[in-house]
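Let me begin by presenting the structure, written as structure tokens, before commenting on it.
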Protein chains: 2
Amino acid sequence: MKKQESKISLSNNELASICKALGHPARIMIIDYLKEVDECICGQIVDILPLAQSTVSQHLKALKKAGLIKGEVDGPRTCYCLNEETLKKFKQCVEKI
Amino acid sequence: MKKQESKISLSNNELASICKALGHPARIMIIDYLKEVDECICGQIVDILPLAQSTVSQHLKALKKAGLIKGEVDGPRTCYCLNEETLKKFKQCVEKI
DNA sequence: ATCGTATATCGTAGATATACGATTAATAAT
DNA sequence: ATTATTAATCGTATATCTACGATATACGAT
């Protein structure tokens, strides 16, 4: 399998990782918000959550690590959006449970 | 809303709780196994997982707390099965992400 | 060059999670 | 009554998570 290609399904561990990343209310809220606004910078997420900037940054890192979101550095900002590919696989996987 | 009735959807926190419960490979394996065998006693799960009985028992407790499984005491055994109602709601909720 | 803005990272305290062995509790079998 | 079986709970060690403030980094604007 080449680097660029991606698996159709998720391993047990991958699914668990994604679930774990979604296992916190703040991170669910971030996902919901990104769904709503399509894309945004970190500061906007800090504004809607009752959490410190550093804490939000940590949550974003966790979501990124699980492949649920993408972050693109744009000058001093970082623009975040959902990673639709991972979400799609996650949904397919959950459907089969 | 009466006690017996159940909500159609899940709150942010409920969804996070369910995801959290699924956020461990062993617990995903338990769910998979229960899907496969429909129902079983704790000891069978202990047999298929490389974990101590007490650890498996803890994982089962976590899944039960999240409402993902049901456990019925039957003499000295406990018979576990999936809680289809919660799973259904979870799937619906994930689909909407 | 300096300042301001946006965000990531560091350090840290306290809470949870995860694993295990030992123990307890409940029942079934002898 | 004693013993065996099954599973939950307790106690505990270690690891991870979650939150924060402080600091570092990167860049744009002045």
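Throughout, protein chains are lettered first and strands after them, A, B, ... in sequence-line order, and every chain is numbered starting at 1. The analysis underlying the following values was restricted to heavy atoms, covering all of them including side chains, and did not include hydrogens, waters or symmetry mates.
- Atoms CG (B:Leu49) and C1' (C:dT18) sit 14 Å apart, rounded to a whole Å.
- The phosphate of C:dA19 (OP1 or OP2) has a side-chain N or O of B:His59 nearer than 4.0 angstrom.
- Nucleotide D:dT30 is matched to C:dA1 when pairs are restricted to Watson-Crick or G-U wobble geometry with both distances under 3.5 angstrom.
- Of the candidate nucleotides C:dA6, D:dT9, D:dC20, D:dC20 has the atom lying nearest to any side-chain atom of A:Leu51.
- Of the possible polar contacts, none joining the A:Thr78 side chain to the A:Glu72 backbone as a donor-acceptor pair under 3.5 Å is found.
- Among D:dA22, C:dA22, C:dG21, the nucleotide with an atom closest to any side-chain atom of B:Gln53 is C:dA22.
- Minimum interatomic distance between B:Leu34 and B:Tyr80 (heavy atoms only, all atoms of both residues): CD2-O, 3.5 Å.
- Map A:Ala26 and B:Cys79 each onto its nearest nucleotide of DNA chain D; the residue landing nearer the 5' end is B:Cys79.
- One finds no side-chain N or O of A:Arg77 lying less than 4.0 angstrom from the OP1 or OP2 phosphate oxygen of C:dA8.
- If you check D:dT25 for Watson-Crick or wobble pairing at under 3.5 angstrom, you find it paired to C:dA6.
- The residue among B:Ala62 and A:Lys61 whose nearest nucleotide of DNA chain C is located toward the 5' end is A:Lys61.
- The nucleotide whose nearest atom lies closest to any side-chain atom of B:His24 is, among C:dT18, D:dA19, C:dG21, C:dT18.
- For B:Cys42, counting side-chain heavy atoms from C-beta on, the closest listed nucleotide (D:dG28, D:dA7, D:dC20) is D:dA7.
- In this structure, the side chain of B:Glu14 engages the main chain of B:Ser11 through a donor-acceptor pair within 3.5 Å.
- A:Thr78 comes within 4.0 angstrom of the backbone, heavy atoms only, and of no base.
- Looking at B:Ser17, its side chain never comes within 3.5 Å of a backbone N or O of B:Ala66 through a donor-acceptor pair.
- Backbone-only engagement by A:Lys20 is indicated by non-hydrogen atom pairs under 4.0 Å involving sugar-phosphate atoms exclusively.
- Contact between the side-chain N/O atoms of B:Ser57 and the OP1/OP2 oxygens of D:dA8 is found at a separation under 4.0 Å.
- Atom NZ in A:Lys20 sits 13.0 Å away from atom CG in B:Leu22 (nearest 0.5 Å).
- Side-chain atoms of B:Tyr80 lie closest to D:dA8 of the nucleotides D:dT9, D:dC20, D:dA8.
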